[in-house]
Each structure stands twice: as structure tokens, then as C-alpha cells.
Amino acid sequence: MKRQKQLYEGKAKIIYSTDDPDLVIQYFKDDATAFDGLKKGTLVDKGVINNHVSTKIFQHLEENGVATHFVERLNDREMLVKSLEIIPVEVVFRNVAAGSLCKRLGIEEAKLLAPPIQEFFLKDDPLHDPMINESHIKTFEWATETEVAFLKTSGSKVNQLLTDFFKARGIRLVDFKLEYGRHKGEVLLGDEISPDGCRLWDWKTGEKMDKDRFRFDLGSVEEKYQEVYKLVCGDG
Ligand code: TMP
């Protein structure tokens, strides 16, 4: 499958059409942004790592009954996926307090969250992805009630599966963001699942292994992405 026309360029990926109208190619770039594009950089091989890590995770989710847009990884930087009409709602799950939750509510970082917290954000960069609730989603028709219910149950299942998946590899899944879209009457998990959109801490040392290293200039960004890659995609 070869890429044809560029349909969309995002901050970390480019979407290309293919000769099949139901399929598109996600091309993973090395560009990194944070704080709605305010901070920009390039991380060597980030695109390759995120493509491989996402592939492994989508395969694991599919094997466990989660329908995703993943079809196949074509090469180091390209993934063939089902074309989606993206639902403009980011679904966040939090198992451990970090990031905007701590800022917003004055919660101490690293506090265990039981049960996990689930939040919705509007996918809208100019508005800085504001937090929204089910009432906003319903009134503004960003998703139907049935879809919202699905996002919650599917997201919760993904959280359980990924928590166990990362734990088996010595990584604590602190929080993460999911995006879903519609494809032929079905809602599928889309986008990517990688250290860009997850907080991942070394289970033993608590060291951060995700994009927070880039966001807050913690150093060794590429090294930590490589470590995640090895732990997730290595044969062990
Ligand atoms: P937050 O603590 O900044 O709200 O982020 C929660 C999780 O969502 C974290 O794992 C990072 C991820 N995330 C994205 O993938 N994209 C975004 O634009 C933001 C703000 C967060």
C-alpha cells in the first residue's frame, strides 16, 4: 500500500490517502510539541519509536477485544489504519496524580488514584483543549449518548489492559489520552498510543520515561523513549 495525497498534517503525524478510500496512512514525524505548540523540538527517531510502540499496543488491544483503527505497520514510520471521522473528544484516564490534575486541584504528584479518574477534553488547539463534561458533549453534539457510554467503558477496559501490559514490563501507567473515531458505523480507537500521549514511570525508581522529559527539560529524552521502545517491543 502506497501513500497518495496528503490529507492532514498534525503536530506529530501526517495523514495520507491510499488507493483504498477506507484506509489511510499515518506517517510518524520526529517533531515534538508541548503546551499547544508553544514549545517545539525534534527528538531523534521519536517517530520510529512511536510507530513501533503503538503497533505493539494496538495489536495487544485487538487481541483482547478492543476494536482499533490499526491495520498493519508498513515500515519504520508508516502505519496503515482505517480512515476515521474523528470524535473531537480526548478521553483521559489517570491512575496516579500528575500533570494538569495536580495543577487544577492542588493534588500532590504521585498520589494513587483509586478508582482511576476519567476526564474528557475538547480536541481544539486554539482553545487549548479545554476540559468538558458529558453535558457539553451532548448539547454540542460532539458525540451521541451511546458513543459517550462506549468511550467510558472502552477507555476503562484499555486502562486495565495497558496498566497490566506496562506493569509486566516494569513501567507504571500513570495516565494517558485516547482518541476515538467513527468508521462504517463502528467506533474505533484511533490516533497512537506512545510515550507522547501517556505518562510512563519506571516502576522501581519512579523516573519519568515519557514526553514530560521534553515538556519540562528533564534531559535524556531520546534515551528514555528508546528504553520504553526496548521494554515494549523487545522480545523479552
Ligand atoms: P494532562 O495532565 O496535561 O491533562 O495530560 C493527561 C494525559 O494526556 C497525559 O498522559 C498526556 C496526555 N496528553 C496528550 O496526549 N495530549 C495533550 O494535548 C495533553 C494536554 C495531554
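When a ligand or atom number is given, it counts from 1 through the structure's own listing order. Counting begins at 1 with the first residue of the sequence.
Nearest protein heavy-atom contact of atom 7 (C) of ligand 1 is Asp175 OD1, 3.7 Å. Of the protein's heavy atoms, Arg215 NH2, 4.5 Å lies nearest to atom 21 (C) of ligand 1. Protein heavy atom in closest approach to atom 20 (C) of ligand 1: Asp129 OD2, 4.9 Å. Closest to atom 16 (N) of ligand 1 among all protein heavy atoms lies Lys177 CE, 3.7 Å.
For atom 14 (C) of ligand 1, the nearest protein heavy atom is under 4.0 Å away. Within 4.0 Å of atom 11 (C) of ligand 1, at least one protein heavy atom is present.
The ring pair (Phe, Tyr, Trp, His ring centres under 6.0 Å) pairs that include a residue from residues 92-130 are Phe93-Phe176, where partners are two or more places apart or lie in different chains. Residue pairs meeting the salt bridge (Lys or Arg N to Asp or Glu O under 4.0 Å) criterion with at least one partner in residues 132-149, sequence neighbours excluded, are Glu134-Lys152, Lys138-Glu145, Glu147-Arg182.
Here is the list of ligand 1 atoms found below 4.0 Å of a heavy atom in Phe176: 10 (O). Below 4.0 Å from some heavy atom of Arg94 lie the following atoms of ligand 1, by number and element: 1 (P), 2 (O), 4 (O), 6 (C). Listed by number with element, the atoms of ligand 1 under 4.0 Å from a non-hydrogen atom of Cys198 are 10 (O).
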Report task. Apply ring pair (Phe, Tyr, Trp, His ring centres under 6.0 Å) to the pair Tyr225 and Phe214, showing each step before the final yes or no. Result -> CA-CA 11 Å; Tyr225 270 66; Phe214 168 75; 9.0 Å; no

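Hydrophobic clustering keeps Val96 apart from Val228 (ILVMFWY residues linked when any side-chain heavy atoms are closer than 4.5 Å, directly or through intermediates).
Within the set Ala34, Gly99, Ser100, Cys102, the minimum heavy-atom distance to atom 1 (P) of ligand 1 is found for Ser100. Comparing Arg199, Arg104, His128 by heavy-atom distance to atom 3 (O) of ligand 1, the nearest is Arg199.
Contact check on Lys2 versus Asp19 returns no salt bridge, with no Lys/Arg side-chain nitrogen under 4.0 Å from an Asp/Glu carboxylate oxygen. By the 4.0 Å N-to-carboxylate-O rule, Glu179 lies close enough to Lys177 to be salt-bridged with it.
Counting only heavy atoms from C-beta outward, the side chains of Leu113 and Leu101 approach each other to under 4.5 Å.
Distance alone, capped at 3.5 Å, places no donor-acceptor pair between the Ser54 side chain and the Asn51 backbone.
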